[in-house]
J.: 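Here's a structure for you.
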Amino acid sequence: MTTRLKPIRCAAALMCLSLSLPVMAQESAAELKERIRVLEAQLEESKRALAKAEQQSKVTETASTEPDTDMAFDLAGGRLKVGGAVRVNYTAGTYPKDTGGGESSRAFPDGGNVGLDTARINLDYENGNVLGKFEYRFYDGYGGFGTGYHMLHTAWLGYNYANGSQVQVGVNRVPFGPGPYGVSQSFFFDQHYYVGLSDDMDLGVKYSWTTGDWKWDAGYYLQDEGSYKGGSKKADRYSYDVITDGAGNGYAEENQLNLRGIYSTKLAGIDSDLGFSTQYGQLRGEGVNALGNPTQDGDMSAYSPHMVNKWNNFTLATQGTYYDYDVQQAGVPNQGEILMGAFAFPTAVAQKAFIPAVSLSYYLETPSIGWLNYLIPFAEYSSIMKDENGFNDSELYTIGAAFGTAGGWYTYAEYATSNGNDFIGGDGGFNSRFGANPDQKRNHRFNINFGYYF
């Protein structure tokens, strides 16, 4: 922007000077000073107008820091990029020790284990103003190769309008929170993700546009993204959704509305994005409830103010969310819980809670290190603070760093500790760590995720 403005600024200044010279000779020093002030104000107004025009041309979601190494092909008058990733995980934590059953132990005393995390395929298409994205993922189970699950992640077609707005139709990311991954920079995300309020993919239509310094997203979602292939009937999916149990009792998401607004400004000289997100949807009752009666329909709502502040290379992201899954008990062990699921794993989640979340990160370029492009150290905290009496809160602390390395590699190294997260320690199986959390035991996990993107 600065480079493009220099010729405009010089030409405007010369024109104003040439037109003003005859008049300046007759003006007093005070009048001349006032004229210069007016001209400078007009120039600043022109700069702001150009900045707004450039901003309106960028109605896209926050760009991923993952490397872009896709192969591209001409297709039907457009350009198709084919890419993907393979990610491998090293895990050590407070997990059960090796009992000789043949499964590699993730316990600290056994030294942890290494296994395939994810393999995925990505397709990105552009043809003029028409664009589309597709992503499908494969995960390996902890029992070894061949025991995993796979699911659709993204599948939408879109259109970029001349005014800078964009529409997406299909399985796309629900607009809720300050960015696509909430406040988080980490591999584990924050606790918003595990209650369906961050990086949530659903089937519907989303429209994005800008007005002045505001960026807006509105969405209508017919239903969730569906369940695919794995060890669970309804939880074989990427993002957390309300589901039914093995007997078909519970709820299904439908007719969901979302609105998000983010205002870009400066606070005490610091670039700041002040935003809010709202969500309301219906929950269709299926099967019977805990009393054996037909499950009645319910609904859900969520409200969230959030803010992202950027100062030099520091980023501070904060969010507070209150959510309410207003339903009867169904398919869960405790009153006040609702059954949700992802990654082939059903779990009980508190129906009502407040979630505070904060992330502090630093972007460090490393030009003197040939194999390392940049480093992002971070520290994060979030908690599910439940409304139900007798339910224990579920906290998650994460510290670590993300490494962008040469040759298509992207790596997370982090240490997480939690008293209520299904992926941080413990022995797995159906539990209520996001719900009643009766055990409240603090578990730990050290994790390194190596990702190769092609």
J.: Using 30° and 60° as the class limits, which term best fits the ring planes of Tyr412 and Tyr410: parallel, tilted or perpendicular?
T.: perpendicular
J.: Tell me, do Tyr181 and Arg173 make a side-chain contact under 4.5 Å, heavy atoms counted?
T.: yes
J.: On the 0 to 90° scale, with breaks at 30° and 60°, tag the Tyr136-His150 ring pair as parallel, tilted or perpendicular.
T.: tilted
J.: Considering only NZ, NE, NH1 and NH2 on the basic side and carboxylate oxygens on the acidic side, decide whether Glu135 and Lys133 come within less than 4.0 Å.
T.: no
J.: Which heavy atom in Ala348 sits nearest to a heavy atom in Glu337, and how many Å separate them?
T.: CB-OE1, 3.4 Å
J.: Check whether any side-chain heavy atom of Val86 lies under 4.5 Å from a side-chain heavy atom of Thr118, and answer yes or no.
T.: no
J.: Just to verify, which of Val174, Asp241, Val171, Leu203 counts as forming a side-chain contact (heavy atoms from CB on, under 4.5 Å) with Asp224?
T.: Asp241
J.: State, yes or no, whether a side-chain contact exists between Asn421 and Arg445 at a heavy-atom distance under 4.5 Å.
T.: no
J.: Taking C-beta and beyond as the side chain, do Leu267 and Met307 meet within less than 4.5 Å on heavy atoms?
T.: yes
J.: Does the gap between the ring centers of Tyr322 and Phe354 come in under 6.0 Å?
T.: no
J.: Would you check if there is a donor-acceptor pair between the side chains of Gln319 and Ser304 at a distance under 3.5 Å?
T.: yes
J.: Parallel, tilted or perpendicular, judged at 30° and 60°: which one describes the rings of Trp209 and Tyr207?
T.: parallel
J.: Flag the pair Ile121 / Val82 as yes when at least one side-chain heavy-atom distance between them is below 4.5 Å, and no otherwise.
T.: yes
J.: Any idea which heavy atoms bring Gln335 and Phe391 closest together, and the distance?
T.: O-CZ, 3.3 Å
J.: Tyr363 and Tyr374: aromatic ring centres closer than 6.0 Å?
T.: yes
J.: Would you mind reporting whether Ile243 and Arg237 have side-chain heavy atoms less than 4.5 Å apart?
T.: yes
J.: Atom CG of Asp199 and atom OH of Tyr238: how far apart are they, to the nearest 0.5 Å?
T.: 3.5 Å
J.: For a side-chain contact (heavy atoms from CB on, under 4.5 Å) check, start with the C-alpha distance between Val327 and Gln351, then their side-chain angles and the critical distance, and finish with the verdict.
T.: CA-CA 8 Å; Val327 296; Gln351 289 183 18; 3.8 Å; yes
J.: Which heavy atom of Asn258 sits nearest to which heavy atom of Pro175, and what is that distance?
T.: ND2-O, 3.7 Å
J.: Does the pair Lys81/Glu126 count as a salt bridge with the N-to-O cut at 4.0 Å?
T.: no
J.: Just so I know, are the side chains of Asn447 and Asn89 near enough to count as touching, which here means a heavy-atom distance under 4.5 Å?
T.: yes
J.: Applying the side-chain hydrogen bond (donor to acceptor under 3.5 Å, both in side chains) criterion to Tyr221, which one of Asp202, Asp200, Asn172 satisfies it?
T.: Asn172
J.: Would you mind telling me which of Asp273, Thr210, Asp271 makes a side-chain hydrogen bond (donor to acceptor under 3.5 Å, both in side chains) with Ser264?
T.: Asp273
J.: Quick check for you: to the nearest 0.5 Å, what is the distance between Tyr251 atom OH and Asp297 atom CG?
T.: 8.0 Å
J.: For Tyr90, check ring pair (Phe, Tyr, Trp, His ring centres under 6.0 Å) against everything at least two apart and list the hits.
T.: none
J.: So do the side chains of His444 and Phe108 get within less than 4.5 Å of each other, counting heavy atoms only?
T.: yes
J.: Give, for atom CZ of Phe423 and atom CZ of Phe345, the distance between the pair rounded to the nearest 0.5 Å.
T.: 7.0 Å
J.: Parallel, tilted or perpendicular: which describes the rings of Tyr381 and Tyr397, with under 30° parallel and over 60° perpendicular?
T.: tilted
J.: Between Asp422 and Arg433, does any NZ, NE, NH1 or NH2 come within less than 4.0 Å of an OD or OE carboxylate oxygen?
T.: yes
J.: Run the ring-centre check on Phe450 versus Tyr452 and record whether the distance is less than 6.0 Å.
T.: no
J.: Calculate, to the nearest 0.5 Å, the distance between atoms CG and CD belonging to Asp299 and Glu253 respectively.
T.: 12.0 Å
J.: Looking at CD of Glu286 and OG1 of Thr244, how far apart are the two atoms once the value is rounded to the nearest 0.5 Å?
T.: 5.5 Å
J.: Aromatic ring centroids of Tyr240 and Tyr194 under 6.0 Å?
T.: yes
J.: State, to 0.1 Å, how close Ala235 and Ser227 come at their nearest heavy-atom pair, and which atoms those are.
T.: N-OG, 3.7 Å
J.: Ring pair (Phe, Tyr, Trp, His ring centres under 6.0 Å) with His192: which residues, sequence neighbours excluded?
T.: none
J.: Drop me the distance from Lys97's NZ to Ser105's OG, to the nearest 0.5 angstrom.
T.: 8.5 Å
J.: Judged by modelled atom types alone, do Ser184 and Glu380 share a side-chain donor-acceptor pair under 3.5 Å?
T.: yes
J.: Do the ring planes of Tyr149 and Phe343 sit parallel (below 30°), tilted (30 to 60°) or perpendicular (above 60°)?
T.: perpendicular
J.: Counting only N and O atoms by type, is there a donor-acceptor contact under 3.5 Å from the side chain of Ser382 to the main-chain atoms of Gln191?
T.: yes
